[in-house]
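What follows is a set of notes on a single structure, which appears directly below.
Every chain is numbered from 1 and lettered A, B, ... according to where its sequence line falls, protein lines coming before strand lines.
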Protein chains: 2
Amino acid sequence: MASIKDVAAEAGLSVATVSRVLNGHPSVSADARTRVLAAVEALGYRPNAVARSLRTDTTRTLGLVISDVLNPYFTELARSVEEEARALGYSVIIGNADERPDLQDHHVTTLLDRRIDGLLVSPTDGGSPRMLEAARAGTPMVFVDRWIPGVDVPVVRSDGREAVRDLVAHLYGLGHRRLAIIAGPAATTTGRERVDAFREALAAYGLDLPGAYIGQGDFQAGSGRRVTEGFLDLPEPPEVVFAADNLMALGALDAVRARGLRVPEDIALAAFDDVRWFVHTDPPVTAIAQPTGELGRAAVRALVDRIEGRPGESVTLPARLVVRRSCGERGPTRPPSPSPTRSPSPAQSPSPVRRSTS
Amino acid sequence: MASIKDVAAEAGLSVATVSRVLNGHPSVSADARTRVLAAVEALGYRPNAVARSLRTDTTRTLGLVISDVLNPYFTELARSVEEEARALGYSVIIGNADERPDLQDHHVTTLLDRRIDGLLVSPTDGGSPRMLEAARAGTPMVFVDRWIPGVDVPVVRSDGREAVRDLVAHLYGLGHRRLAIIAGPAATTTGRERVDAFREALAAYGLDLPGAYIGQGDFQAGSGRRVTEGFLDLPEPPEVVFAADNLMALGALDAVRARGLRVPEDIALAAFDDVRWFVHTDPPVTAIAQPTGELGRAAVRALVDRIEGRPGESVTLPARLVVRRSCGERGPTRPPSPSPTRSPSPAQSPSPVRRSTS
DNA sequence: ATCCTCCGTGTAATCGATTCCACGAGGAGG
DNA sequence: CCTCCTCGTGGAATCGATTACACGGAGGAT
């Protein structure tokens with residue numbers, strides 16, 4: 001492959017001049033510029049990004065470590081991240097952790113070895129050593145979706161608290177009283193938060209969330225299926241299962257179908273994360289939708305801000321409830337205003353974008 | 001960040017010796033080895049992959065350009081590619097073309113600029129200049145899923161011909177005679193092949209595939225919806241719609257639902273590409289399943305073979321029909337043996353792995 | 001006419017690794 | 001005791017770019 005030296009020789013100039021032309025440096029004569037450009041054209045020259053990175057100590061590359069590529073939520077996130085990054089002149093290298101801390105660590109390590117300019121992470125666990133080290137060492141970093149408490153890194157995420165309240169109001173309105181949840185791993189923030197939000201919302205209606213109604217999942221379909229089977233085996237099974245992500249909801253559907261039961265007649269189902277397929281499942285699944293695209297874009301902007309020396313703020317965007325038929329009759333409508341036993345919570349429409357600086 | 005020089009200083013040795021220890025070169029004394037290792041540990045040193053790549057002219061990185069990350073088929077492919085690559089000591093950088101030739105070109109260019117060791121492509125069109133140039137210039141390359149005729153590059157793909165025959169037999173057996181297809185872009189091999197296979201299979205049953213029953217899609221949900229609406233507006237709408245990929249099938253479901261019609265009572269549906277969600281759609285969708293994981297792994301092996309100077313062979317694996325309920329009654333069973341008007345085609349069970357060298 | 005500036009260009013150092021070659025010490029063989 | 005290997009090590013070139021610095025010539029000011 002042609003190098004800058006070849007171009008210099010072809011143009012009858014020095015490599016310095018060639019470099020200057022290529023980088024739009026002002027002090028180059030028009031003549032030199034045209035000769036260089038002609039040589040570049042003639043040789044089909046393309047600058048070696050590896051050499052350039054070594055010299056400038058910047059790669060114009062962002063690393064993105066996501067928890068699971070097979071999860072449509074992350075896939076959509078990855079797409080918007082790449083899109084925004086491209087618009088800002090950066091490339092993205094994706095590492096898929098498959099919800100495994102060891103794989104996450106592997107990818108963080110290789111990304112750091114490649115000297116990426118910044119790291120976007122949705123941590124699978126409470127913080128792998130390599131990642132914490134990178135954060136402390138000053139590698140520009142932003143958490144997206146999930147985060148690690150106590151680490152001084154901006155967080156871009158969505159807050160599902162309101163939407164979960166709306167969901168519980170909806171379920172309560174349909175007459176459901178025994179509500180269960182398939183939780184995500186306790187090591188993740190989203191794993192804990194969604195349970196907390198659910199419990200809080202239930203409490204507002206005077207409902208309890210007993211231990212037997214909290215199933216431990218791992219954000220994968222298999223665990224959703226196992227947990228749901230456990231629920232169905234209970235002496236008093238729940239009337240509703242709320243899956244903390246879309247894949248566990250899929251697993252729940254598997255379990256219900258395997259028993260020959262029906263949703264929502266025999267058991268109702270709702271999910272955190274909305275995906276296109278939920279429109280066409282049997283029945284269409286009521287879900288909490290995150291503004292995924294906006295999340296990805298905001299995360300990139302925050303990270304690039306950090307990289308380029310600007311502050312880089314945390315962002316929290318609201319999620320919203322999308323009612324379908326999987327929780328019982330009363331088709332697709334707006335969530336009902338709560339008529340709770342003792343709750344204060346006013347029926348609040350999805351609030352506008354809220355930002356909070358970290 | 002600590003460099004090899006810092007390690008050398010810390011260990012009281014030269015950079016040459018440090019490098020030798022790090023690369024497992026034999027002629028290093030045990031004493032030097034332990035001192036280097038201690039220094040590495042003390043400084044938290046990690047070799048700079050950029051510098052190493054510049055010197056060795058190898059990045060141990062594969063580029064993967066896929067047509068659409070939001071398509072679960074490609075997402076699964078990407079996952080298996082990364083997995084196999086990792087097992088062989090390579091990293092993967094994914095570029096998402098979103099079915100757009102210009103984006104595909106962008107990614108091919110940046111990947112080449114980064115001096116990846118090899119390129120895995122599922123071309124969105126008939127061959128962008130940059131890609132053809134790379135192929136001619138001798139960049140190790142392998143086509144996966146789709147390919148470009150006339151370019152001397154191994155192809156790893158699956159052959160759906162048999163499965164399409166099985167599908168048509170199934171449909172014919174259920175009494176359907178007016179069958180339509182939502183095709184992919186004619187610029188892609190999979191776009192053309194699936195239509196051809198379908199037409200051929202229909203011919204074996206004495207059925208015709210009129211122009212009005214061939215809708216032009218682009219492998220995205222939106223086009224599936226539009227084409228299906230067109231079919232439904234026909235004076236004599238088809239009894240069956242066969243979508244050439246899973247996203248267009250999703251779009252078809254959208255269209256059918258928007259009209260208040262039902263599958264399969266009003267119109268039957270089948271799809272190329274099987275995805276997990278098809279089990280739970282309303283109704284479960286009959287689909288042709290590709291051995292996606294095996295495809296990805298085979299592609300990586302072929303590419304790494306090329307990179308490391310071995311031949312690198314083409315691979316073709318059979319797809320198979322998965323019958324569900326979207327084409328009419330007679331639940332999930334094996335595809336029936338054809339009782340065609342004049343077809344020779346024997347009821348062939350999915351054949352074992354077939355390989356053909358390019 | 002002389003001096004100073006500024007402009008365009010080239011030389012060479014540099015980034016962090018790998019690796020060829022040279023060199024000194026020590027052991028074996030004559 | 002001398003010679004010749006072998007082994008471990010270090011010096012320095014190298015990969016392909018960027019960029020500080022030096023330099024020569026043209027043009028303007030005096």
Enter the distance from A:Met131:CE to A:Ser128:OG here, rounded to the nearest 0.5 Å.
4.5 Å
Only counting residues at least two apart or in another chain, list the ones meeting side chain to side chain contact (heavy atoms under 4.5 Å, CB included) with A:Ala8.
A:Val15, A:Val18
Find the distance A:Arg60:CZ to D:dT18:P and express it as a whole number of Å.
13 Å
Measure the CG-CG distance between A:Leu62 and A:Leu111 for me, rounded to the nearest 0.5 Å.
10.0 Å
Under a 4.0 Å threshold between the charged nitrogen and the carboxylate oxygen, would B:Arg297 count as salt-bridged to B:Glu294?
yes
Could I get the full list of side chain to side chain donor-acceptor pair (under 3.5 Å) partners for A:Asn23, not counting sequence neighbours?
A:Ser19, A:Arg52
Give every residue pair that meets the salt bridge (charged side-chain N to carboxylate O under 4.0 Å, His left out) criterion with at least one member in residues 101-128 of chain B, sequence neighbours excluded.
A:Arg46-B:Asp113, B:Arg100-B:Asp102
Pull out every protein N or O sitting under 3.5 Å from an N or O of nucleotides 7-11 of chain D, one pair per line with the distance.
unit_1: D:dT9; atom_1: OP1; unit_2: B:Ser29; atom_2: OG; d: 2.7
unit_1: D:dT9; atom_1: OP2; unit_2: B:Ser29; atom_2: N; d: 2.8
unit_1: D:dT9; atom_1: OP2; unit_2: B:Ser29; atom_2: OG; d: 3.2
unit_1: D:dG10; atom_1: OP2; unit_2: B:Ser14; atom_2: N; d: 2.9
unit_1: D:dG10; atom_1: OP2; unit_2: B:Ser14; atom_2: OG; d: 2.9
unit_1: D:dG10; atom_1: OP2; unit_2: B:Thr17; atom_2: OG1; d: 2.6
unit_1: D:dG10; atom_1: N7; unit_2: B:Arg20; atom_2: NH2; d: 2.8
unit_1: D:dG10; atom_1: O6; unit_2: B:Arg20; atom_2: NH1; d: 3.3

Roughly how far, to the nearest 0.5 Å, is CG of B:Asn71 from CD1 of B:Ile66?
8.5 Å
Which residues share a side chain to side chain contact (heavy atoms under 4.5 Å, CB included) with B:Glu308, sequence neighbours left out:
B:Arg60, B:Tyr90, B:Val304, B:Arg310
Name all residues meeting the side chain to side chain contact (heavy atoms under 4.5 Å, CB included) criterion together with B:Ala2; count only those two or more places apart in sequence or in a different chain, and write none if there are none.
B:Asp6, B:Leu43, B:Tyr45
Can you pull out how bent the helix from C:dA1-D:dT30 to C:dG30-D:dC1 is, comparing the axes over its first five and last five pairs, to 10°?
50°
Contact boundaries on DNA chain C for chain A, cut-off under 4.0 Å to non-hydrogen atoms
C:dG8 to C:dG16
Under the side chain to side chain donor-acceptor pair (under 3.5 Å) test, residues paired with B:Asn96 that sit two or more places apart:
B:Asp98
Donor-acceptor contacts, no H, no angles, side chain residues 138-151 of chain A, under 3.5 Å, sequence neighbours left out:
unit_1: A:Thr139; atom_1: OG1; unit_2: A:Ala134; atom_2: O; d: 3.3
unit_1: A:Asp145; atom_1: OD1; unit_2: A:Tyr73; atom_2: OH; d: 3.2
unit_1: A:Arg146; atom_1: NH1; unit_2: A:Ser67; atom_2: OG; d: 3.2
unit_1: A:Arg146; atom_1: NH1; unit_2: A:Glu99; atom_2: OE1; d: 3.2
unit_1: A:Arg146; atom_1: NH2; unit_2: A:Glu99; atom_2: OE2; d: 3.0

Which residue pairs satisfy the salt bridge (charged side-chain N to carboxylate O under 4.0 Å, His left out) criterion with at least one member in residues 26-36 of chain A, sequence neighbours excluded?
A:Asp31-A:Arg35
Which residues within residues 45-57 of chain B lie with some heavy atom under 4.0 Å of an atom in DNA chain D?
B:Leu54, B:Arg55
